[in-house]
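Working notes, structure below.
Chain letters run A, B, ... following the sequence lines, proteins first, then strands; residues in each count from 1.
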There are 2 protein chains.
Amino acid sequence: MVVDQLRDADVDRLFQALADATRRDIVRRVTAGEYSVSGLAALYAMSFAAVQKHVAVLERASLVTKEKRGREQIVRGSHEGLQKACRLLDEYEAIWRQRAGRIADILAEG
Amino acid sequence: MVVDQLRDADVDRLFQALADATRRDIVRRVTAGEYSVSGLAALYAMSFAAVQKHVAVLERASLVTKEKRGREQIVRGSHEGLQKACRLLDEYEAIWRQRAGRIADILAEG
DNA sequence: GTATCGTACAACCAAATGGTTGTAGATCAG
DNA sequence: CTGATCTACAACCATTTGGTTGTACGATAC
């Protein structure tokens with residue numbers, strides 16, 4: 001299904017975005033407070049353009065939003081993205097619990 | 001700190017491993033039941049070696065374990081890996097809730 | 001013993017990643 | 001207007017990733 005493929009791509013982007021320590025740090029910071037792109041860039045030992053790219057990756061993954069304010073671009077954490085990731089992992093956990101439940105049933109029967 | 005670097009690398013591997021639809025599908029399957037590597041390989045439109053690599057990525061990320069049984073290698077889901085990922089995301093959620101709490105306080109004061 | 005099956009691993013390739021520098025457009029300060 | 005600041009984006013580079021094929025080796029079946 002095309003729908004599922006799109007969803008897969010979304011999830012790919014989500015976890016891919018979280019698979020980098022700098023990006024996770026950015027998520028942490030912009031979730032706790034407000035930062036401009038250059039404000040973030042000042043925090044890391046890499047070029048402005050590199051940080052800009054990281055923010056772009058987070059934005060495409062819906063983990064972050066940008067809002068123009070004057071000449072600055074304010075980056076904010078998006079709770080939706082995080083929740084989505086949490087819910088996805090919970091699904092796997094649910095599968096595990098189902099299996100654990102079945103095993104418990106088998107043990108109870110045996 | 002070296003400890004934190006190692007931890008970062010672990011988390012990188014974790015989310016990196018989850019950032020691929022085929023690997024997520026493998027996790028789903030081996031969490032629900034038992035599969036050999038070739039049993040898994042039969043499910044996907046790619047070579048055995050490709051699936052083998054995916055399993056290796058999941059194994060390095062501690063999302064999966066392998067156990068030799070005769071000439072087969074049995075792949076099983078590791079609950080620890082999933083829990084770790086869940087807890088990590090919960091940390092971010094906690095940061096969000098802290099911030100939401102502060103905002104609520106400010107609104108209550110104002 | 002021989003053929004087959006399941007696995008491991010190397011070598012290779014195209015595409016994506018994570019970084020760089022450089023250029024250019026808006027916006028603000030003086 | 002001029003200059004500084006913030007951002008965007010292109011071009012480039014090294015490394016990693018996700019895939020392939022081919023080879024080799026232990027375990028099993030006959």
Touch class at under 4.0 angstrom, heavy-atom based, for T22(B) against every strand present: nothing

Closest nucleotide among dG26(D), dC6(D), dG18(D) to the K53(B) side chain: dG18(D)

Reported CD-to-CD distance for the pair Q73(B) and E59(B), which is rounded to 0.5 angstrom: 7.5 Å

Within 6.0 Å of CD in E80(B), more than 12 heavy atoms from elsewhere: no

R69(A) with E34(A): basic N within carboxylate O range, under 4.0 Å: yes

d(CG, D8(A); P, dG18(D)) in whole Å: 14 Å

Touch class at under 4.0 angstrom, heavy-atom based, for R69(B) against every strand present: nothing

Sugar-phosphate only, base, or nothing, as touched by S38(A) at under 4.0 Å among non-hydrogen atoms: sugar-phosphate

Spacing between R13(B) atom CZ and dT17(D) atom C1', to the nearest angstrom: 15 Å

Considering all heavy atoms, the nearest R99(A)-V30(B) contact: NH1-O, 4.5 Å

Electrostatic pair R29(A):D25(A) at N-O distance under 4.0 angstrom: yes

Spacing between I74(A) atom CD1 and dA8(D) atom P, to the nearest angstrom: 11 Å

Between P of dT16(D) and CD of Q16(A), the distance in whole Å: 14 Å

Position toward the 5' end of DNA chain D (nearest nucleotide), A49(B) or Q52(A): Q52(A)

Separation of dC25(D) C1' from Q73(B) CD (nearest whole Å): 14 Å

Touch class at under 4.0 angstrom, heavy-atom based, for K68(B) against every strand present: nothing

Where chain B begins and ends its contact with DNA chain C, read 5' to 3' at 4.0 Å from heavy atoms: dT4(C) to dA11(C)

Integer-rounded Å distance: dC9(D) C1' and H54(A) NE2: 17 Å

Rounded distance in Å - OH (Y35(A)) to P (dC6(D)): 16 Å

Short N-O contact, D10(B) and R13(B), less than 4.0 angstrom: yes

Atom-pair distance (CZ on R71(A); P on dA4(D)), nearest Å: 12 Å

Side chain S36(B), main chain G39(B), donor-acceptor under 3.5 Å: yes

First encountered from the 5' end of DNA chain C, between F48(A) and G70(A): F48(A)

